Protein chains: 2
Amino acid sequence: MKLSTKGRYAVMAMVDLARHAQAKPVSLSDIATRQEISLSYLEQLFARLRRAGLVKSVRGPGGGYRLARGSADTRVSEIILAVDEPISATRCTEMGATGCRADRSKCLTHDLWEELGNQIHLFLSSVTLLDVLERKLAPRFIEAPAAANTESSMAAAS
Amino acid sequence: MKLSTKGRYAVMAMVDLARHAQAKPVSLSDIATRQEISLSYLEQLFARLRRAGLVKSVRGPGGGYRLARGSADTRVSEIILAVDEPISATRCTEMGATGCRADRSKCLTHDLWEELGNQIHLFLSSVTLLDVLERKLAPRFIEAPAAANTESSMAAAS
DNA sequence: TTAAATCCGAGCGACGCAGTTGGTTTTTCC
DNA sequence: GGAAAAACCAACTGCGTCGCTCGGATTTAA
């Protein structure tokens, strides 16, 4: 899960689209002026969003874009995954884990990045466009009472 | 909280340092060969880590680096914050929030990114170098029973 | 037929990343 | 004292991505 401003732009645009969704589709030039994003850049983002099945397009004058599903069924994680490059997997991260697990000393941090990716995905896929619109950013994750992690507790872990 | 491979390299090196910590300091060339990272690149990373007070250096032959604090007192979040550029705050994100809150329609996603940053920081600051070494990646975050977030629940939120 | 819109591809300037080069300083050991 | 091992330091480079522009083409409502 890559986190760049590119994904942010896409989410901003999609939230704008969800907000102004009515009978008529929403044109990119409207979104561009409202969100202050370059129109051509938006076109590129929406090309990816369309290919990912998140939006549907209506061509011709009066046309524009519509959410393919409802705003309550479109998750932020999907948007970011759609527009971001799948990251180059520079060393061992994210790939099949095999070929990295072999030499454990070299890749002690593998589990860490994997778990971090899980956390991010978990959070972003728990938020829908509707949630953002209605500002329901659920504090859905609760910190367990384990305050000091200097030692002790939770020793065995598979 | 930026997430690049740069931060990953730094954490890999720091974990390696913590793992091989003994009476003598650990030289960067040792870490470089073990982790397959360019020596000069490591030097640049450790220059930042030293400035951030995470490691201490010993010059001269037989010298190298030591953790400034213990491995149980060095958090992954600190390492990443030390080496990564503070990101250019391209539009509204991360800066003082003022000047963005003004026009709410433009920055509906502000809260989202802020909360995401919180989640990431919370996770990474809950993991110490010792945790990584001992593979205690505490599942410290528990998903609340809120399964379907299509609607309902948790309406009022300030 | 005009014009509004989506579509498409090529290219561009800037910036950070990962690494290289070529040093200098400090310090240990012979 | 000299050699060598290490940390230090600065500049530069190749590369990829980002955000964006330009110049179109296709579709379609009015």
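Keep in mind that this is a model prediction, so the values were computed, not measured.
OP1 or OP2 of D/dC9 sits under 4.0 Å from a side-chain N or O of B/R50. Taking side-chain N and O atoms only, A/S27 has no distance below 4.0 Å to OP1 or OP2 of C/dT6.
Among residues at least two apart or in separate chains, salt bridge (Lys or Arg N to Asp or Glu O under 4.0 Å) pairs with a member in residues 62-72 of chain A are A/R69-A/E78.
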Practice item. List the steps and the verdict of side-chain contact (heavy atoms from CB on, under 4.5 Å) for A/K24 and A/V58. Key: CA-CA 10 Å; A/K24 304 190 62 173; A/V58 180; over 6 Å; no

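Per the geometry, CZ belonging to A/R66 stands 14 Å off C1' belonging to C/dA5, to the nearest Å. Nucleotide D/dA6 holds its P atom 10 Å from the CG atom of B/L28, rounded to whole Å. B/L42 places its CG atom 13 Å from the P atom of D/dC8, with the value rounded to the nearest Å. For the pair A/K6 NZ and C/dA14 C1', the interatomic distance rounds to 16 Å; values are reported in whole Å. The nearest whole Å value for the distance from the CZ atom in A/R48 to the C1' atom in C/dC7 is 15 Å. The NZ-P distance, from A/K56 to C/dC7, rounds to 13 Å in whole Å. The distance from atom CG of B/L45 to atom C1' of C/dG16 is 13 Å, rounded to the nearest whole Å.
Proximity of a side-chain donor or acceptor of B/H20 to a complementary backbone N or O of B/D16 within less than 3.5 Å is detected. Judged purely by atom type and a 3.5 angstrom limit, A/S126 uses its side chain to pair as donor or acceptor with the backbone of A/F123. The backbone N or O of B/L112 lies less than 3.5 Å from no partner atom in the side chain of B/T109, so there is not a single donor-acceptor pair.
Residues forming a salt bridge (charged side-chain N to carboxylate O under 4.0 Å, His left out) with B/R59 (at least two apart in sequence, or on another chain): none.
Defined by atom type and a distance below 3.5 Å, a donor-acceptor pair is missing between the side-chain atoms of B/S38 and B/S40.
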Practice item. Can you check each nucleotide of nucleotides 21-30 of chain D against protein heavy atoms at under 4.0 Å and return B for base, S for sugar-phosphate only, - for none, in 5' to 3' order? Key: BB---BBBB-

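Set against D/dA7, C/dT6, D/dC20, the side chain of A/Y9 has D/dC20 as its closest nucleotide.
Among the protein residues, B/F46 comes within range of no part of the nucleic acid, since none of its heavy atoms lies under 4.0 Å from any strand.
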